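Down below is the structure, laid out as structure tokens.
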Amino acid sequence: MRIDILTLFPEMCERVLDESMIGQARKRELVDIRCHNIRDYTDDKHRRVDDYPYGGGQGMLLKAEPIARCFDAIARQQEQRPLFIYMSPQGEVFRQSIACELSQMPGICILCGHYEGVDQRLLDEYIDRQLSIGDYVLTGGELAALTITDAVTRLLPGVLSEDKSFEDESHYNGLLEYPQYTRPAVWRGREVPEVLTSGHQGKIEQWKREQSLEVTRRLRPDMLDK
């Protein structure tokens, strides 16, 4: 899978993407992640990518042309046009089900917003989907784009040691994850639940399911309603 990130701060993204599990996946060529500086696609000698909005208002807007040029260059490198995603507070809230959906695609392209947003004509002409990582506003779309990239990459074959690693996690099956414990069996007077040391796999799986339901009911009852 290929993931392209359009940003004003490619170095910031690269520092994160070269670390931990995602960095290892890149080195093993399990995923192809590329960061592109939008400023490289402007014909302005000052590499300016923003301008004042028509009609007045606060702040600046990202111009359409540099972004369009950047995406066009990326699309020409691939057999199939990648899905173009814009990280926006107005977008659909990102969920695990969306991460699973995106992980099945050959390529996605993520635009990091800045300032007061992007020229609407670019959104109308190019953007396929708008996503948000929550109901709040960040100074830029880089952290949001990195969140999407991380969530999608870890679902790709070979990135985790086995699929079970993420299939048991919170949100994957619509529930929060059950409590987990490690050694020692007793820590500061608190014991590991007896069923987990019983060796009876059927009872253990039943306990995990019951605990997932209980944790979800207590912490995220809205998920049970769905």
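These numbers were taken from a predicted model, which means no experiment stands behind them.
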_Between CD on residue Q201 and CD on residue E205, distance to nearest 0.5 Å_ = 5.0 Å
_E65 bridged to R69 by N-O distance under 4.0 Å_ = yes
*May I ask you to decide whether D18 forms a salt bridge with K27, counting only side-chain N to carboxylate O separations under 4.0 Å?*
no
*asked:* Measuring only between side-chain heavy atoms, which start at C-beta, is L122 closer than 4.5 Å to L111?
replied: yes
*Looking at A144 and L138, what are the two nearest heavy atoms and their distance?*
N-CD1, 4.3 Å
*Using atom types as modelled and distance alone, determine if a side-chain donor or acceptor of S103 lies under 3.5 Å from a backbone N or O of L155.*
no
*Taking the side chain from T42 and the backbone from D44, do they hold a donor-acceptor pair closer than 3.5 Å?*
yes
_Rounded at 0.5 Å granularity, tell me how far CZ in F9 sits from SG in C35._
13.5 Å
*Okay, side chain of R39, backbone of R47: is any donor-acceptor separation there less than 3.5 Å?*
yes
_Heavy-atom check, side chain of L146 versus side chain of L17, under 4.5 Å_ = yes
_R129/E101 salt bridge by N-O under 4.0 Å criterion_ = yes
*Derivation and outcome, side chain to side chain contact (heavy atoms under 4.5 Å, CB included), residues R48 and M60*: CA-CA 11 Å; R48 184 176 177 181; M60 309 287 278; 3.3 Å; yes
*Hey, are the side chains of W207 and L196 touching, using non-hydrogen atoms and a 4.5 Å cut-off?*
yes
*With a cut-off of 6.0 Å (strictly less than), are more than 12 heavy atoms of other residues, nucleotides or ligands near CZ of R183?*
no
*Say you draw a straight line from CG of D119 to CG of L61; how long is it, rounded to the nearest 0.5 Å?*
7.0 Å
*Considering residues, nucleotides and ligands other than D135, do more than 12 of their heavy atoms fall under 6.0 Å from its CG?*
no
*Taking all atoms of both residues into account, what is the closest heavy-atom pair of L160 and R154, and its distance?*
CG-O, 3.4 Å
_Taking atom OH as the centre, does Y52 end up with more than 12 heavy-atom neighbours from other residues, nucleotides or ligands that are less than 6.0 angstrom away?_
no
*Between F84 and F71, what is the ring plane arrangement, given parallel below 30°, perpendicular above 60°, and tilted in between?*
parallel
_Nearest 0.5 angstrom please: C109 SG to Y86 OH, how far?_
14.0 Å
*asked:* For a quick test of reading the model, state the closest non-hydrogen atom pair linking P82 to D128 and the distance between them.
replied: O-OD2, 4.0 Å
*asked:* Just by distance, no angles: are the side chains of Y126 and D72 close enough, under 3.5 Å, to form a donor-acceptor pair?
replied: yes
*Does the side chain to side chain contact (heavy atoms under 4.5 Å, CB included) test come out yes or no for V49 and L8, once each step is laid out?*
CA-CA 9 Å; V49 296; L8 299 180; 3.7 Å; yes
*Measure the spacing between OG1 of T216 and CG of L224 and express it to the nearest 0.5 Å.*
5.5 Å
*With the threshold set at 4.0 Å, does a side-chain nitrogen-carboxylate oxygen contact exist between E194 and K203?*
no
*Answer yes or no: is there an ion pair linking K63 with D50, defined by an N-O contact shorter than 4.0 Å?*
no
*Would you call I22 and I33 a side-chain contact if the rule is heavy atoms closer than 4.5 Å?*
yes
*asked:* For a quick test of reading the model, state the closest non-hydrogen atom pair linking E116 to G59 and the distance between them.
replied: CG-CA, 3.6 Å
*Under a single-linkage definition using a 4.5 Å side-chain heavy-atom cutoff for Ile, Leu, Val, Met, Phe, Trp and Tyr, are I127 and I110 assigned to the same hydrophobic cluster?*
yes
*asked:* Any non-hydrogen side-chain atom of I98 less than 4.5 Å from a side-chain atom of E92?
replied: yes
*Full working for side chain to side chain contact (heavy atoms under 4.5 Å, CB included) between K208 and L213*: CA-CA 9 Å; K208 289 180 179 179; L213 287 167; over 6 Å; no
*With rounding to the nearest 0.5 Å, note down the distance linking CG in D4 to OG1 in T149.*
10.0 Å
*Any E214 side-chain heavy atom under 4.5 Å of E210 side chain*: no
*Taking the six-membered ring for Trp and the full ring for Phe, Tyr or His, determine whether the centres of Y41 and H36 are under 6.0 Å apart.*
no
*May I ask you to decide if Q130's main-chain N or O and S88's side chain share a donor-acceptor pair within less than 3.5 Å?*
no
*Listed by chain and number, what are the ring pair (Phe, Tyr, Trp, His ring centres under 6.0 Å) partners of F94, not counting sequence neighbours?*
none
*Could you check Q180 against E177 for side chain to side chain contact (heavy atoms under 4.5 Å, CB included), going step by step and ending with a plain yes or no?*
CA-CA 9 Å; Q180 298 192 73; E177 192 173 9; 2.6 Å; yes
*asked:* Would you say that S212 contacts V215 through its side chain, given a criterion of any heavy-atom pair below 4.5 Å between the two side chains?
replied: no
*Answer whether the closest heavy-atom distance between the side chains of I5 and R34 falls below 4.5 Å.*
no
*Shared hydrophobic cluster for M105 and V152 (ILVMFWY, side-chain gaps under 4.5 Å)*: yes
_Results of side chain to side chain contact (heavy atoms under 4.5 Å, CB included) for S198 - residues two or more places apart only_ = V195, H200, I204
*Return the minimal non-hydrogen interatomic distance between M87 and G141, and the atom names on each side.*
CG-O, 4.2 Å
_Shortest non-hydrogen separation from T153 to V159 and the atoms involved_ = O-CG2, 3.3 Å
*ILVMFWY cluster, Y136 and L131 together (side-chain gap under 4.5 Å)*: yes
